[in-house]
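Right, one structure below, let's go through it.
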Amino acid sequence: MMAVLKKTVIPGIGILVILWVFLSGGCMITEKDYLRGAEKYLKKKYGEEFEGLYGFEAAGYVMHLSPKVKPEWKVSVRYEKEGGKITFHDNYVAFQLKPEIEQMIEEIAYSFYGECKVYLIPMGVPLEDSWTKETSLYEFGLLGAFGIEIFVYDDIGDDKEEKFYRFLNECLKKDFRGFRMKIYYMPKEEFDNINETSIDYINSKSLYILRGSTAYDEKNETGGYGIIRWVEGEGKTNEQ
């Protein structure tokens, strides 16, 4: 289920864009102009400083910015043109809710796997313009516009698939419907060094022993999550 956007024009942003066009003699607005406009929009909405470092996605209407206090976060901002004005929409609330959600999912995962590390990965879709960091976890959890990455060093047993499904069902009971769910079985030494910024590197080098992934589909016969796809990595078990 995806959020239905309610268009909100942040005062001053539409005027800013029109001013750019006027000062440039009617020339086309550049990507840099949009990024600067998005920075001002986020500053006005959240009272924080952001920096546009990532440029645009291929579609051309989504850019990525980072809060200066958390440069590792990649916030998606989409712009729309209508009636000579430009409006912005973002998913920063997902990042603001990350710590609380990660703690909750980690508590569920711990009951199945013991010590683990959990990271919420927001999807690059704008959320409701009216949402704030005070938005309830229940409301955000039902939206499902995020993925969960779980890292464990628990022994890989024959019941790994059954155990993962039981964990997923516990998440559903808490009304958390992550669109994409992944679990990584890691060597202990690699597990100890994992942080949020190392996830891409772990995947690119296949440092895990085994990785399982599945996606949520409310029509699926398995209770919401589809087939778990398992991929062997280059990581070694303690016995190897």
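Each residue takes its place number in the sequence, starting with 1.
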Exercise. Is there any salt bridge (Lys or Arg N to Asp or Glu O under 4.0 Å) pair reaching into residues 92-105, and which pairs are they, with sequence neighbours excluded?
Worked result: Lys98-Glu102, Lys98-Glu196

For this session: Using atom types as modelled and distance alone, determine if a side-chain donor or acceptor of Ser66 lies under 3.5 Å from a backbone N or O of Trp73.
Result: yes

Exercise. Roughly how far apart are Ile150 CD1 and Phe167 CZ, rounded to 0.5 Å?
Worked result: 3.0 Å

Exercise. Just how far is it from atom OG of Ser213 to atom CD1 of Ile227, taken to the nearest 0.5 Å?
Worked result: 11.0 Å

Problem set entry | Minimum side-chain heavy-atom gap Ile105-Lys174 below 4.5 Å | no

For this session: Go through Glu170 and Arg166 one step at a time and tell me if the side-chain contact (heavy atoms from CB on, under 4.5 Å) criterion holds.
Result: CA-CA 6 Å; Glu170 283 300 312; Arg166 285 192 283 120; 5.9 Å; no

Seminar exercise, completed: Nearest heavy-atom contact between His89 and Tyr41 is CA-OH, 3.7 Å

Problem set entry | Any donor-acceptor pair under 3.5 Å from Glu39 side chain to Gly52 backbone | yes

Exercise. Do you know which two heavy atoms are closest between Leu120 and Ala94, and how far apart they sit?
Worked result: CD2-O, 4.2 Å

For this session: Measure up the Tyr184 and Phe151 rings against each other and bin them: parallel (under 30°), tilted (30 to 60°), perpendicular (over 60°).
Result: parallel

Exercise. Which distance, rounded to the nearest 0.5 Å, do you find between the CD1 of Ile194 and the CD1 of Ile199?
Worked result: 8.0 Å

For this session: Would you check if Ile121 and Arg180 make a side-chain contact, meaning some heavy-atom pair closer than 4.5 Å?
Result: yes

Exercise. Is there a path of hydrophobic side-chain contacts, each under 4.5 Å between heavy atoms of I, L, V, M, F, W or Y residues, that connects Tyr201 with Val231?
Worked result: yes

Exercise. So, do Asn195 and Glu72 sit near enough that their side-chain heavy atoms are less than 4.5 Å apart?
Worked result: no

Problem set entry | Check: Trp131 and Asp90 side chains under 4.5 Å, non-hydrogen atoms | no

For this session: Mind running side-chain contact (heavy atoms from CB on, under 4.5 Å) on Leu172 and Tyr216 for me, showing each step along the way?
Result: CA-CA 10 Å; Leu172 290 176; Tyr216 178 78; 3.7 Å; yes

For this session: Evaluate side-chain contact (heavy atoms from CB on, under 4.5 Å) for His64 paired with Ser76, printing each intermediate quantity in order.
Result: CA-CA 5 Å; His64 301 292; Ser76 296; 3.3 Å; yes

Problem set entry | Separation of Leu127 CG from Gln96 CD (nearest 0.5 Å) | 10.5 Å

For this session: Please name all residues satisfying side chain to side chain donor-acceptor pair (under 3.5 Å) with Asp159, sequence neighbours left out, ordered by chain then number.
Result: none

Seminar exercise, completed: Correct closest heavy-atom pair for Val75 and Pro67 would be CG2-CD, 4.0 Å

For this session: Would you indicate whether Asp158, at its atom CG, is surrounded by more than 12 heavy atoms from other residues, nucleotides or ligands within a distance under 6.0 Å?
Result: no

For this session: Taking the side chain as every heavy atom from C-beta outward, state whether Cys116 and Glu106 have any atom pair closer than 4.5 Å.
Result: yes

Seminar exercise, completed: Interatomic distance, CD@Glu234 vs CG@Leu207, rounded to 0.5 Å, equals 9.0 Å

Seminar exercise, completed: So side-chain hydrogen bond (donor to acceptor under 3.5 Å, both in side chains) across residues 108-126, not counting sequence neighbours, yields Glu115-Tyr153

Exercise. How about Glu161: does its CD atom have over 12 heavy atoms from other parts shown lying under 6.0 Å from it?
Worked result: yes

Problem set entry | Phe50 and Tyr46 aromatic ring geometry - parallel, tilted or perpendicular at 30°/60° bounds | tilted

For this session: State, with a plain yes or no, whether a side-chain heavy atom of Lys70 is found less than 4.5 Å away from one of Phe95.
Result: no

Problem set entry | Atom pair CD (Glu232) and CZ (Arg211), whose distance is rounded to the nearest 0.5 Å | 12.0 Å

Problem set entry | Side chain to side chain, Ile202 and Met186, heavy atoms closer than 4.5 Å | yes

Exercise. Between Tyr92 and Glu48, does any side-chain donor sit less than 3.5 Å from a side-chain acceptor?
Worked result: yes

Exercise. Would a distance-only check, ignoring hydrogens and angles, find a side-chain to backbone donor-acceptor pair under 3.5 Å from Thr214 to Gly226?
Worked result: yes

Problem set entry | Test item: Tyr185 and Lys160 side chains (from C-beta on) under 4.5 Å apart, heavy atoms | yes

Problem set entry | CZ/Arg229: more than 12 non-hydrogen atoms of other groups inside 6.0 Å | no

Exercise. Which pair of heavy atoms, one from Asn91 and one from Pro122, lies closest together, and at what distance?
Worked result: ND2-CB, 4.0 Å

Problem set entry | Closest non-hydrogen atom pair between Met63 and Ala38, with its separation | SD-CB, 3.6 Å

